[in-house]
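Working notes for the structure below.
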There are 2 protein chains.
Amino acid sequence: MAPDRARGLPAPPSSRDKILDVAEARFARAGFGGVGMREVADEAGLGKSSLFHHFPSKDALYFEAVKRTLERIAAGIEPALRGPGSAIERLRATSDAMVDALAEHPTTAPLLLRSLFEMYPLADDVPPEGQAVDVVLQRLIGQLQGLVHDGIASGEFRDVSVPDTTQTLIGAAVFHFASGEFGEDLFGGASLFSAKAVARRRDELREFFLHALVRHPI
Amino acid sequence: MAPDRARGLPAPPSSRDKILDVAEARFARAGFGGVGMREVADEAGLGKSSLFHHFPSKDALYFEAVKRTLERIAAGIEPALRGPGSAIERLRATSDAMVDALAEHPTTAPLLLRSLFEMYPLADDVPPEGQAVDVVLQRLIGQLQGLVHDGIASGEFRDVSVPDTTQTLIGAAVFHFASGEFGEDLFGGASLFSAKAVARRRDELREFFLHALVRHPI
DNA sequence: GTCTATAGTGAGATAGAC
DNA sequence: GTCTATCTCACTATAGAC
């Protein structure tokens, strides 16, 4: 579309992208009900009405932000999930990819966690944008379950419950990077997103999962 | 106070307790911003103004509900955390106690998860009720870190990062019971809180943790 | 595509009778 | 301790000029 993109020039951020950036950060921190359209507009440097020009409703904005985050995560970890190699090798790569995807932006994990455990900003009807979120989520979870299943079938993993183990892997991976101030306190106030902290988390989580699942750990 | 309590008669639930029950359920599902004082009052069978007679503000109600939940959890798992025996035995007991405490009410885990990762319903000032929540939380987390530390010091556990492992244990334990519809979908629509599902979760999580941490798994 | 102005609704919170 | 009535304010969303 924009010819400048092909020449490697820095793409000027559209208002739409700016709005989504702000919305992603605010919704991640305060949840759907805790964010007003006015504050999003202010931080994006627009009038409140301009916001409704780009997104027809607050619901649409929320789900669009969640969808963008989920697709970034999926792009990061699906290659590892579907990769070649044994289940052990795929588990290794997937754990590392999960950590890297969740550590990319501080807003990613909180927003993912919210989309996993509150799925209903409005109690009644789910708009079409919400269904698109579900599609990406179901695909990811299915592949994660498949990995656990394959490891059991090949005898590489212990004979665990596939859905229980899936829940455990998700909770262990996502919570850490969603834990905000609480997590930082645990690490003496240090950021969870520094290169050093991320590298340590990557190693710790991978070894934790491997020891927990692999039948004959070395 | 009430002399009837000493005779074992069923204690009539006070309006205050009724309000807290309703608030706990609603805040767990929808978060601070997603709940209105009117709906709480309606479901508790009171007028909105009566609610403000019992709790001076929405913030106070929220933190009081969170505090009550946290204290119930602490009462359930602190005996296991502080119990006698080796680190392995304490980890076993603690994992089981965590599952039982989180499975007691469907609202417990979501509300705990929220208190862990959003700690700030209002961005600016933290009311005194919020600090009481922090005290309980810090005590619990400290004991959990202590357990991991003891296991490493005694050589029972691998040489893991204590804060990272603490985060992993919390995430793995709490997320499952907070995952609501998402989790039920994973288990083919079955409730996460049936006796059978809880028993399986207890076994799976305990074995997962033991294999992940114990130096020479059997 | 952005703005000003405003409609219309519901929120949290208070006053004061009973 | 509960109620009715009300205040004030912020919210989502829309209309229409530029």
Side-chain angles (χ1 to χ4, degrees), chain A residues 1-2 4 11-27 29-66 118 120-130, chain B residues 1-2 4 11-27 29-66 118 120-130:
Chain A
M1 307 166 180
D4 289 346
S14 66
S15 287
R16 197 170 186 279
D17 290 337
K18 221 176 205 166
I19 293 169
L20 279 173
D21 288 341
V22 174
E24 187 178 309
R26 298 257 164 177
F27 284 133
R29 234 175 301 154
F32 180 83
V35 176
M37 293 297 260
R38 186 204 171 112
E39 54 179 303
V40 175
D42 285 355
E43 196 183 324
L46 272 77
K48 199 174 44 166
S49 299
S50 306
L51 222 145
F52 282 93
H53 172 80
H54 292 280
F55 301 92
S57 71
K58 186 185 174 184
D59 286 46
L61 174 59
Y62 177 78
F63 282 116
E64 198 66 30
V66 171
E118 59 188 3
Y120 30 65
L122 294 182
D124 34 12
D125 54 337
V126 182
E129 297 89 350
Chain B
M1 305 172 178
D4 289 345
S14 67
S15 286
R16 198 170 185 279
D17 290 337
K18 220 175 205 168
I19 293 168
L20 279 173
D21 288 340
V22 174
E24 188 178 309
R26 299 255 165 178
F27 283 134
R29 234 175 299 155
F32 181 83
V35 176
M37 294 296 261
R38 187 207 171 108
E39 54 179 304
V40 176
D42 285 354
E43 196 182 325
L46 272 79
K48 198 173 51 164
S49 299
S50 306
L51 221 144
F52 282 93
H53 172 78
H54 293 279
F55 300 92
S57 71
K58 186 184 173 183
D59 287 46
L61 174 60
Y62 178 78
F63 282 116
E64 199 66 29
V66 171
E118 58 188 5
Y120 29 64
L122 294 182
D124 35 13
D125 54 337
V126 181
E129 297 90 350

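Here is the naming used below: chain letters follow the sequence lines, and residue numbers restart at 1 for every chain.
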Parallel, tilted or perpendicular: ring planes of Tyr62(B) versus Phe32(B), cut at 30 and 60 degrees: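 Ring orientation of Tyr62(B) relative to Phe32(B): perpendicular.
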
For [X] and [N], give me the distance from atom [atom1] to atom [atom2], rounded to whole Å.
X	N	atom1	atom2	result
Leu61(B)	dA13(C)	CG	P	10 Å
Leu51(A)	dC3(C)	CG	P	10 Å
Lys58(B)	dT8(D)	NZ	P	22 Å
Ile19(B)	dG1(D)	CD1	P	10 Å
Lys18(A)	dG1(C)	NZ	C1'	14 Å
Phe55(A)	dT12(D)	CZ	P	15 Å

So Arg16(B) and Glu64(B), do their side chains get closer than 4.5 Å, heavy atoms only?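 Yes, at least one pair of side-chain atoms sits under 4.5 Å.
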
Within a strict 4.5 Å, meaning less than it, do heavy atoms of the Phe27(A) and Leu61(A) side chains meet?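 Heavy-atom side-chain distance check passes, below 4.5 Å.
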
Give me the distances for all protein-to-nucleotides 14-18 of chain C N/O pairs that come in under 3.5 Å?
residue	atom	partner	partner atom	Å
dT14(C)	O4	Ser49(B)	OG	2.7

Value rounded to 0.5 Å, distance of CD in Glu24(B) from CZ in Arg26(B):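 Going from the CD atom of Glu24(B) to the CZ atom of Arg26(B) covers 13.5 Å.
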
Between NZ of Lys18(B) and NE2 of His54(B), what distance do you get to the nearest 0.5 Å?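 So the gap between those two atoms works out to 11.0 Å.
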
What's the shortest heavy-atom distance between [X] and [Y], and which atoms?
X	Y	answer
Ala41(A)	Lys48(A)	CB-CA, 3.6 Å
Lys58(A)	Val35(A)	NZ-O, 2.8 Å
Ile19(A)	Leu46(A)	CD1-CD2, 4.2 Å

Could you list by number each residue of residues 35-47 of chain A showing a heavy-atom separation from DNA chain C of less than 4.0 Å, or answer none if no residue does? Leu46(A), Gly47(A)

Any side-chain N or O of His53(B) below 4.0 angstrom from OP1/OP2 of dA13(C)?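 Looking at the OP1 and OP2 atoms of dA13(C), neither is under 4.0 Å from any side-chain N or O of His53(B).
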
With a cut-off of less than 4.0 Å, is there a side-chain N or O of Ser15(A) near OP1 or OP2 of dT2(C)?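 Result: yes.
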
Using the side-chain heavy atoms of His54(B), tell me which of these nucleotides is nearest: dC3(D), dT2(C), dG1(D).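 Within the option list, the nearest is dG1(D).
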
